[in-house]
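Quick note on labels: first sequence line is chain A, next is B, and so on, each numbered from 1. Since we're looking at a predicted model, the values are computed, not measured.
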Amino acid sequence: MKQNLKIYNTLARRKEDFEPIKPPHVGMYVCGPTVYGDAHLGHARPAITFDLVFRYLQYIGYKVRYVRNITDVGHLVDDADAGEDKIGKKARLEQLEPMEIVQYYTNRYHNDMDKLNVLRPSIEPHASGHIIEQIEMAKKIMENGYAYEKNGSVYFDVSKYDESNDYGVLSGRKVDEMLSATRELEGQEEKNNPADFALWKKASTEHIMRWPSPWSDGFPGWHIECSVMGAKYLGEQFDIHGGGMDLLFPHHESEIAQSVAANGKQPVKYWMHNNMITLNGQKMGKSLGNAVSLEDFFEGSQKLIEKPYSPMTIRFFILQAHYRSTLDFSNEALQAAEKGIKRLFQAMETLDKLPASDKSTVNIEELRGKCFETMNDDFNSPGLIAQLFDGVKIINSVKEKKESLTESDITELKSTYNDFVFDVLGLKQEETKDDNKLVEDLMQTILGIRQNARTNKDYATSDLIRDNLAKIHIQIKDTKDGAEWSFLD
RNA sequence: GGUACCGUAGCCAAGUGGUUAGGCGGUGGUCUGCAAAACCAUAGACAGCGGUUCGAAUCCGCUCGGUACCUCCA
């Protein structure tokens, strides 16, 4: 089952052969959500991207430990609220305990991700549960001479680090250029240097979330949780670190610097970054005020959303673009995805009932091989989907007796679709409303009456039945094998 | 301004030196009492200008346009 997988490594800026440090084990760390609000489309993209990676690595035989953190400490609301903790602020607004907010939004995040059929990670550590480790790492960095204390806060000394290491190895930035380009900002005066970043931050009096440390009552800096939890659960060096492209700098760059400063090793072999989802060409983000929550998509309850889109439509839509490309949202594109996934599933139902022949006129082995080949090329899910649609044509042609397949080829085709559609892409058939037995029996009665009318060429009656059913969103389809019906959305 | 990435048909989106990507929509057809649905077939493209090459959407340069990051937001 050994596959020749290639991964685009941001560190190298090219695709590289994937060779885990300790096969068959793979360690993967992905930056998770900050739980102070509902998940929007922008959260779905990294979750689904790395779910695909997680699924495919397992499918081709690796044993993967997937760590995705929950960020629940020490993050500021915006410039206007400088010094205030995001979660702390919301807590006071709503008169709730900070950890209550964390729990509430964590539950909602899980719920949304479950709907999207995103597998839960192997370990989901909370930043707030690793305060001690974060303090220890900050101490270690200080001992190694790469950090300094100022008024109860601890800062990473970027220029010192850059003397013997490369701060910019990931993002391609140069420290001197950054220094000259940095603007005047508030709260910088404590730092020796504007490029320095906090490892520990002293809490102001109104700051709710705080922990004791050797330096002050405060909270950890904004990059150190990932360095700490990655090393704790995956080791000081592990295989894959993922996250959105927006995290590349300064978050991931700083993570590397912290880990190297503390442990003297490059922490990660392959850095993977998914691109953003845009709305009218602009990044979707809470801070931009154009974020549409996943709930809004599922319910259709937002002015930009013309109709409800099911979780699987969203998932399929995201998988139809390569993870490193930007993906522009629109109702038209989403509706195209909705029809596309329906066509795929319909073909899979046809596949289940396909008649076998003595010989095959189509090469199924080749199709299966192409599916692997495409996925091995940096998880090219849109390419895989295109292969599967080529297969849809084959399936339909066999049904129409234009092509034929042997029993064993049909079995192989079925397992190919099951494996790639369900296990790798993580798509699933959604519950339909038409599984109610009473409704089904009533509909059969109605369709029976309509069929009688049609046999008697009483088209006025048959069309009346069809039109009235259409008014209550039930669609009649007259096929060769009799009438079928389904609910319209 | 700096760093990185990107501009592919009406829309979404792969590919990346020479053979139809794919989906939606369009058009034509099959089926049907009619329709719808489904299925089959099909047209239409590589931002612009130069260069390299037998050959470029694909490589190089420039121009134009777009996005992200450069913030004690994670």
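Listed candidates were A14(B), C39(B), C12(B). Nearest to the side chain of A321(A) is A14(B). Looking at the side chain of Q475(A), the nearest of the listed nucleotides A37(B), U16(B), A35(B) is A37(B).
Rounded to a whole Å, the CZ atom of R14(A) is 16 Å from the P atom of U16(B). We find that CE of M276(A) is positioned 9 Å from P of A68(B), with the value rounded to whole Å. Distance CD1 (I394(A)) to P (C39(B)): 15 Å, rounded to an integer number of Å. Rounded to a whole Å, the CG atom of D328(A) is 21 Å from the P atom of C5(B). For the pair H322(A) NE2 and A13(B) C1', the computed distance is 12 Å after rounding to whole Å. Put simply, CD1 on I476(A) is 16 Å from P on G33(B), counting in whole angstrom units. Distance R315(A) CZ to C12(B) P: 23 Å, rounded to the nearest Å.
Scanning for side-chain contact (heavy atoms from CB on, under 4.5 Å) contacts around E373(A) gives an empty result, with sequence neighbours left out. Here Q451(A) pairs with R454(A), T455(A) under the side-chain contact (heavy atoms from CB on, under 4.5 Å) rule; sequence neighbours left out.
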Protein-proximity profile, nucleotides 20-28 of chain B, B/S/- by nucleotide at the 4.0 Å heavy-atom cutoff, equals -BSBSS---

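Here G65(B) sits opposite C6(B) as a Watson-Crick or G-U wobble pair (both hydrogen-bonding atom distances under 3.5 Å). Pairing partner, A38(B): U30(B), with both Watson-Crick or wobble hydrogen-bond distances short of 3.5 Å. Across the strands present, C70(B) finds its partner in G1(B); the criterion is a Watson-Crick or G-U wobble pair with both atom distances under 3.5 angstrom. Here G55(B) sits opposite no nucleotide as a Watson-Crick or G-U wobble pair (both hydrogen-bonding atom distances under 3.5 Å). Of all nucleotides present, none satisfies the Watson-Crick or G-U wobble test against A43(B) with each distance under 3.5 Å.
Residue contacts shown for H251(A) are absent, as no nucleic acid heavy atom lies under 4.0 Å away. S153(A) comes within 4.0 angstrom of no nucleic acid atom, judged by non-hydrogen atoms across all strands. At a threshold of 4.0 angstrom between heavy atoms, the contacts of K399(A) with the nucleic acid are absent. Nucleic acid contact for P250(A): base, since at least one base atom lies under 4.0 Å from a heavy atom of the residue. Across all strands shown, D246(A) has heavy atoms under 4.0 Å from base atoms, whether or not it also approaches the sugar-phosphate.
For the pair N380(A) and G15(B), the criterion of a side-chain N or O lying under 4.0 Å from OP1 or OP2 is met. Contact annotation: N275(A) side-chain N/O to U67(B) OP1/OP2 distance is not under 4.0 Å.
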> Could you go step by step and tell me if T71(A) and N69(A) meet the side chain to side chain donor-acceptor pair (under 3.5 Å) rule?
Replying inline: CA-CA 6 Å; T71(A) 294; N69(A) 64 298; 3.0 Å; yes

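Note: Y8(A) and F379(A) fail the aromatic proximity criterion, with ring centroids not under 6.0 Å apart. Y309(A) has its ring centre no less than 6.0 Å from the ring centre of F329(A).
For D463(A) against G33(B), a side-chain-to-base donor-acceptor contact under 3.5 Å is present. Not a single donor-acceptor pair, N or O on each side, falls under 3.5 Å between the base of A36(B) and the side chain of R466(A). In terms of polar N and O atoms assigned as donor or acceptor, the side chain of Y36(A) never comes within less than 3.5 Å of the base of C73(B) in a complementary pairing. Side-chain N/O atoms of R173(A) and base N/O atoms of C69(B) include a donor-acceptor pair closer than 3.5 Å.
Once rounded to the nearest 0.5 Å, the distance linking CZ of F219(A) with CD of E225(A) reads 12.5 Å.
Nearer to the 5' terminus of RNA chain B, by closest-nucleotide assignment, is the contact made by Y323(A) (compared with the other of A198(A) and Y323(A)). Both S325(A) and S330(A) sit near RNA chain B, but only S330(A) has its closest nucleotide nearer the 5' end.
Seen from the ring of F249(A), R173(A) counts as a face-on cation partner, given the 6.0 Å and 45° thresholds.
Between the side chain of H110(A) and the main chain of N107(A), no donor-acceptor pair closer than 3.5 Å is present. With hydrogens and angles disregarded, no donor-acceptor distance shorter than 3.5 Å links the side chain of T326(A) to the backbone of M276(A).
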